[in-house]
There are 2 protein chains.
Amino acid sequence: MELTTEEKIITAARTIFTQKGFNATRTRDIADEAGINLALLNYYFRSKKNLFRIIIEEKFDELFGMIEPILSDVNVSLEEKIEALAANYTNLLLVNEDLPFFVLSELKSNEYILEKVKKNTRMLSQPVIENQLKERGFTISTLNFIMNIVSLILFPFISKPLFVSTGLVKEEDFTNFVMNRKQHIPTWVMNTLK
Amino acid sequence: MELTTEEKIITAARTIFTQKGFNATRTRDIADEAGINLALLNYYFRSKKNLFRIIIEEKFDELFGMIEPILSDVNVSLEEKIEALAANYTNLLLVNEDLPFFVLSELKSNEYILEKVKKNTRMLSQPVIENQLKERGFTISTLNFIMNIVSLILFPFISKPLFVSTGLVKEEDFTNFVMNRKQHIPTWVMNTLK
DNA sequence: TTTTGATTTAAACAAATGATTAAATCAAAA
DNA sequence: TTTTGATTTAATCATTTGTTTAAATCAAAA
């Protein structure tokens, strides 16, 4: 591998921060995972918090970057929007299972992230959706529509530890489970509109 | 107030543990919240972990205690089951907003809770639901049926910080938002079955 | 009142942990 | 080869935090 020390640290930080969150992460664990000396972490990134910002920014964009472009496109029908969201998110989260929990968790405890959300809050795709719902004669509120879509897509990933530990879903079946849901969610959501 | 020292500590622990989780909670914060000396906490409960067990056990039962009796009752129709779950959970969580996130979070990091889940895993109301779905000619899998209900009910509480910080939901509207959803969820879920 | 055991307090300990320091090493430029 | 600046290391520091200790206080029994 041809990673610089800096890249090794970031890679390790990404792994451990997303797994354990900011507070539960030890700088020593990052150093070990990266195979470097502890002091190097502070030498390159000044502080744990600084390093964390890089990761959370990256993860945040991964999770929320796609939703706005899809929802606000007037040329994409409601059906196509749900399909695109279900497909893209499921694929993303299957290789990044900790992502939703991580972001929601840090949002609760991290001042900095709250600010970031508020800035990027042109999540105002609402008008477009509102129009499309009205045009088709659907009476559901835009907020409920969005909440339902996001719930059905994200919640299985957030609650996976619960469902696996109860035995309701087997670890090895989880991928198939969400891949299958991905295909049903558009129908389910459209059916709620009638 | 007529609380014993022991009760004051438990009350304080409940507040702080559910808000911050096990790791982020400081025994000193519990002591302060309870208005007692730090050493009393160990005098009465031996350790932080011990105190935590009492709280998590309690909260765990609150969150999962109701689901099994409702789902496994053969005399309760599918519609009534969804209604009961939506109503009971919404009411419970409105006065306990941190509960779902807290339990899911601790489930990920707490060995002890995993064991507790596995024991109480006679969450095998599956056969009853499976029958009721089959009888009515619905082809959705039992697992998807349960996952959809739970997602639609719980996710708004888990994602509240996100939706509030984006401005999609105003803090003061949240109660109305979920009270309104509570009434729609049974219809939405039944519509996914067609 | 005296005694006894439970309760409470202030102080301190030990381990964990983020950060810093000073010295060692290395690689490129002169 | 020597020099210079970047990189890396081992050791240490300071703070936080769960827990313990020893003494003080209090309330009930004798």
Side-chain angles (χ1 to χ4, degrees), chain A residues 1-59 98 102 105-106 108-113, chain B residues 1-59 98 102 105-106 108-115:
Chain A
M1 77 164 129
E2 285 300 321
L3 295 180
T4 66
T5 301
E6 215 169 326
E7 291 167 333
K8 280 193 273 184
I9 295 176
I10 288 204
T11 303
R14 181 160 37 230
T15 302
I16 302 196
F17 273 137
T18 52
Q19 244 170 46
K20 304 192 174 183
F22 179 77
N23 284 306
T25 292
R26 307 292 155 229
T27 52
R28 279 165 177 78
D29 292 342
I30 297 179
D32 286 351
E33 172 85 15
I36 53 99
N37 188 282
L38 173 60
L40 281 180
L41 193 149
N42 291 284
Y43 174 74
Y44 281 107
F45 297 97
R46 243 170 39 96
S47 73
K48 178 187 179 186
K49 200 177 269 183
N50 237 348
L51 181 54
F52 180 74
R53 284 195 181 190
I54 296 171
I55 306 302
I56 187 71
E57 201 120 356
E58 179 186 300
K59 291 298 170 184
D98 297 319
F102 171 66
S105 178
E106 293 305 325
K108 289 182 64 167
S109 60
N110 216 295
E111 198 57 33
Y112 165 69
I113 302 175
Chain B
M1 71 164 134
E2 284 299 321
L3 295 180
T4 66
T5 300
E6 216 170 326
E7 290 168 332
K8 279 194 274 185
I9 295 175
I10 289 206
T11 303
R14 183 161 35 231
T15 302
I16 302 197
F17 273 137
T18 52
Q19 243 171 46
K20 305 193 173 183
F22 179 77
N23 284 306
T25 292
R26 307 293 154 230
T27 52
R28 281 164 177 78
D29 292 341
I30 296 179
D32 287 350
E33 172 85 16
I36 52 98
N37 187 281
L38 173 60
L40 282 180
L41 194 149
N42 290 285
Y43 175 73
Y44 281 107
F45 297 96
R46 241 171 40 96
S47 73
K48 178 187 179 185
K49 200 177 268 185
N50 237 346
L51 182 54
F52 180 74
R53 284 194 181 190
I54 296 171
I55 306 301
I56 188 72
E57 201 119 355
E58 178 187 299
K59 291 299 170 183
D98 296 319
F102 171 66
S105 178
E106 294 304 325
K108 289 182 63 168
S109 60
N110 216 295
E111 198 56 33
Y112 165 69
I113 303 176
L114 263 178
E115 289 311 311

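Just so we're on the same page: letters track the sequence lines, and every chain starts at 1. Atom set for the values below is all heavy atoms of this structure, side chains included, hydrogens, waters and symmetry mates excluded.
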Can you tell me how far [atom2] of [N] sits from [atom1] of [X], to the nearest Å?
X     : N      : atom1 : atom2 : result
B/K49 : D/dT17 : NZ    : P     : 18 Å
B/K8  : C/dT7  : NZ    : P     : 13 Å
A/F17 : C/dG18 : CZ    : C1'   : 11 Å
A/R46 : C/dT20 : CZ    : P     : 9 Å
A/F52 : C/dA19 : CZ    : C1'   : 19 Å

Atom of [X], atom of [Y] and distance for their closest heavy-atom approach:
X     : Y     : result
A/L51 : A/I30 : CD2-CD1, 4.1 Å
B/A31 : B/L38 : CB-CA, 3.8 Å
A/T27 : A/L41 : O-CD1, 3.7 Å
A/I10 : A/I54 : CD1-CG2, 4.0 Å
B/A12 : B/E33 : CB-CG, 3.4 Å

Q: Compare all side-chain heavy atoms of A/F102 with those of A/Q19 and state whether any distance is below 4.5 angstrom.
A: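 The answer is no, as the side chains (C-beta and beyond) never meet within the 4.5 Å cut-off.
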
(Q) Using only atom types and a distance under 3.5 Å, with no angle test, would you say the side chain of A/K48 pairs donor to acceptor with the backbone of A/F22? (A)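 Yes: the side chain of A/K48 pairs with the backbone of A/F22.
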
Q. Does any residue of residues 23-45 of chain B have a heavy atom under 4.0 Å from DNA chain D, and if so, which ones, in number order?
A.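 Contacts with DNA chain D under 4.0 Å: B/T25, B/R26, B/T27, B/R28, B/L38, B/A39, B/N42.
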
(Q) For DNA chain C, report each stem as range with range, ordered by first number, or say none. Use Watson-Crick or G-U wobble pairs under 3.5 Å, at least 3 in a row. (A)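 The stems that DNA chain C takes part in, listed by first number, are C:1-30 with D:1-30.
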
Q) For D/dT7, does OP1 or OP2 lie under 4.0 Å from any side-chain N or O of A/T5? A)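 The answer is no; no side-chain N or O of A/T5 sits under 4.0 Å from OP1 or OP2.
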
Q. Between A/E57, A/E7, A/E58, which is the residue that forms a salt bridge (Lys or Arg N to Asp or Glu O under 4.0 Å) with A/R14?
A.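 It is A/E58, the one option of A/E57, A/E7, A/E58 that forms the salt bridge (Lys or Arg N to Asp or Glu O under 4.0 Å) with A/R14.
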
